[in-house]
2 protein chains.
Amino acid sequence: MSSNTSGGPTRRERMRAETIGEIKASARGQLLEHGPSGISLRAIAREVGVSPAALYRYFDGLDSLLEALCCDFYDELIAASLDAMNEFAPENHLDRMKAWIWTFRSWVVGHRREFELMLSAPEGEERNALSLCGEVADVPLEELDPVVRKSLEHSQLCGQELAAFYRQTEGEGFDFDTVEMPEMSDGLRRELLDNCGRAIIGAELPLTWVYAFTSGWVRVFGLVTMEAFGSLPVQGNIDEFYKTQIKSMMKDFGIEP
Amino acid sequence: MSSNTSGGPTRRERMRAETIGEIKASARGQLLEHGPSGISLRAIAREVGVSPAALYRYFDGLDSLLEALCCDFYDELIAASLDAMNEFAPENHLDRMKAWIWTFRSWVVGHRREFELMLSAPEGEERNALSLCGEVADVPLEELDPVVRKSLEHSQLCGQELAAFYRQTEGEGFDFDTVEMPEMSDGLRRELLDNCGRAIIGAELPLTWVYAFTSGWVRVFGLVTMEAFGSLPVQGNIDEFYKTQIKSMMKDFGIEP
DNA sequence: AATTAGAGTAAACACCGTTAGCTAAATTTT
DNA sequence: AAAATTTAGCTAACGGTGTTTACTCTAATT
């Protein structure tokens with residue numbers, strides 16, 4: 001009776017997938033209306049037309065559902081980033097990175113509540129994403145918190161572009177050693193090269209650029225988070241402010257626009 | 001009978017203040033143990049040895065209590081900042097600003113859960129601190145959300161120091177116009193001068209420095225938030241990384257160490 | 001001494017997440 | 001085709017939550 005003889009998903013599997021979709025959609029609706037703490041299993045059950053206990057056939061509990069939601073959000077963000085980046089030629093790495101930043105900003109601002117959940121999600125455990133870069137390179141990726149993994153995936157999208165841009169620039173005889181950077185100890189040097197270079201960028205590029213990338217990442221994170229929380233000290237010309245920030249960051253790479 | 005004939009607080013007022021203190025202390029304990037969403041009025045009542053309803057004599061409800069907690073945290077942060085800044089001479093503005101940054105970081109890292117609450121607190125309303133700088137200068141300070149006000153107060157602590165440092169540097173014939181800065185429109189110019197200059201720094205200083213201050217603020221916010229959330233891409237040499245970041249920011253002001 | 005304001009209570013209301021035990025239908029296996 | 005099994009759903013309950021109402025008693029004020 002199963003339609004699985006031809007390899008496709010079972011009838012039950014289809015039903016199950018659809019129910020999961022309904023549950024998530026309802027949860028997201030409540031997230032938008034009442035914020036992260038306003039998501040209620042019972043309310044979801046009411047909306048989906050099912051008893052509260054039935055939801056446990058689909059998720060291990062509220063936390064599990066929230067985590068799944070978070071993963072979906074990251075997937076959305078990653079897909080949107082890829083879409084925006086692919087509006088530029090594959091070798092146009094600079095514009096692709098700008099598109100990444102721009103998508104990060106616009107997606108978060110258009111999905112503030114989702115972003116709130118994403119920020120507060122991986123702390124269900126003792127402490128959260130401290131491994132985002134720390135020991136990430138030495139740990140099997142499968143053992144990472146799924147949300148942390150998605151977040152890393154999102155960062156890598158930009159990092160890989162930088163790596164490609166580096167290879168391109170390298171061929172043009174760019175002198176990376178003249179890029180300005182504060183002096184630092186061997187320990188910090190190695191950590192930057194290991195964590196950011198290996199884990200995020202996925203390539204061994206010069207310290208000056210790894211430092212510029214890390215600084216830039218902090219700045220973008222600050223910008224996006226502050227705007228999402230409404231504490232950005234610019235309100236009317238945010239677009240332009242971002243552009244000036246991007247210009248400043250490019251100068252940190254030794255690139256003049 | 002009241003001890004108020006000599007102007008001091010009434011006996012009842014003392015009792016009340018002490019009870020409020022006990023309530024807050026219990027709430028903070030739960031915050032540390034179970035996170036922001038683990039604060040429960042009933043649990044507090046249990047711990048203080050009182051019926052749940054009794055708490056409503058002291059706070060309008062859970063949200064009100066959380067807001068009060070937040071204000072206390074900001075007061076703590078501000079006091080700690082002042083203490084650290086005052087370890088330097090009043091005219092040593094540069095070191096006082098560094099002390100401000102350093103206190104921000106160390107206090108947040110030592111009080112991550114408190115910081116979580118502070119970040120998510122003012123969003124009880126529709127949307128939160130969007131007025132942090134936007135129209136803050138044109139709005140009576142009393143009408144602001146108290147948490148937003150405290151947060152502004154904290155920023156101003158650093159801003160005022162910069163203003164004083166500016167006056168000092170001005171006398172030494174420093175050429176502010178040579179400080180590098182991306183070009184920008186008049187609209188953004190005015191917004192930066194109004195919001196950051198007037199509201200936070202409290203003085204009219206050159207655009208180059210206002211831009212550098214705003215950029216620096218975003219960077220510091222990014223650093224502190226990422227470290228608090230465990231997603232800073234440096235784990236073993238964070239102190240030194242901060243120092244390099246501070247050096248980079250100083251260069252944005254045109255100051256060589 | 002009488003009155004008032006304050007702090008406290010118990011009981012109830014309407015929610016919440018989660019678990020246990022059961023029923024019925026859909027699928028697999030024999 | 002019949003039996004066995006997996007799956008989805010139910011009801012009912014447990015212990016927890018924030019909040020409101022109406023009532024009591026005690027401390028301060030008049």
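Because only heavy atoms are used, hydrogens play no part in the values below, and waters and symmetry mates are left out as well, while side chains stay in. Just so we're on the same page: letters track the sequence lines, and every chain starts at 1.
Counting heavy atoms from C-beta outward, B/Asn195 and B/Ile200 have side chains that stay 4.5 Å or more apart.
The 5' end of DNA chain D is approached more closely, in terms of each residue's nearest nucleotide, by A/Tyr58 than by the other of A/Tyr58 and B/Asp60.
The separation between A/Arg14 atom CZ and C/dT27 atom P is 9 Å, rounded to whole Å. Across the protein-nucleic acid pair, B/Leu66 atom CG and D/dT17 atom C1' stand 14 Å apart, rounded to whole Å. A straight line from CD of A/Glu18 to P of D/dG9 spans 11 Å, rounded to a whole angstrom. Rounding to whole angstrom units, CD1 of residue A/Ile44 and C1' of C/dC15 are separated by 15 Å. The separation between A/Arg42 atom CZ and D/dT11 atom C1' is 12 Å, rounded to whole Å. When rounded to the nearest whole Å, the span between CG of A/Asp63 and C1' of C/dG17 equals 10 Å. Atom CD of A/Gln30 and atom P of C/dG17 are 9 Å apart (whole Å). Residue A/Phe59 contributes atom CZ, which lies 13 Å from atom P of D/dG9 at whole-angstrom precision.
Between A/Ser40 and C/dG17 there is a side-chain N or O to OP1 or OP2 distance below 4.0 Å. Listed pair A/Tyr56 / C/dT18 meets the phosphate criterion, a side-chain N or O lying under 4.0 Å from OP1 or OP2. Side-chain nitrogen and oxygen atoms of B/Thr19 include none within less than 4.0 Å of the OP1 or OP2 phosphate oxygen of C/dA7.
Nearest to the side chain of A/Pro52, among C/dT18, D/dT20, C/dC16, sits C/dT18. Each of D/dG16, D/dC10, C/dG17 was ranked by its minimum atom distance to the side chain of B/Arg46; first place goes to D/dG16. Comparing D/dG18, D/dG9, C/dA26 by their nearest atom to the side chain of A/Arg11 picks out C/dA26. Residue A/Arg16 places its side chain closer to D/dA8 than to any other of D/dA8, D/dT19, C/dA10.
Nearest heavy-atom pair across A/Gly222 and B/Phe221 is O-CD2, 4.3 Å. Taking both residues in full, the closest heavy atoms of A/Met118 and A/Cys70 are given as CA-SG, 3.6 Å, listed atom of the first, atom of the second, then distance. The shortest non-hydrogen separation linking A/Ser81 to A/Leu157 is CB-CD2, 3.7 Å. Here the closest heavy-atom approach between residue B/Leu77 and residue B/Thr103 is recorded as CD1-O, 4.3 Å.
Using a 4.0 Å heavy-atom cutoff across all strands shown, B/Ala54 reaches at least one base atom of the nucleic acid. Residue contacts for A/Ile39: at a heavy-atom cut-off of 4.0 Å it reaches the sugar-phosphate backbone alone, with no base atom in range. A/Ser51 comes within 4.0 angstrom of a nucleotide base, judged by non-hydrogen atoms across all strands.
Residue side chain B/Arg57 reaches the base of C/dG8 through a donor-acceptor N/O pair under 3.5 Å, judged by distance alone. Side-chain to base pairing of B/Arg12 with C/dG6: no donor and acceptor N or O lie closer than 3.5 Å to each other.
You'll find the ring centres of B/Trp100 and B/Phe104 inside the 6.0 Å limit.
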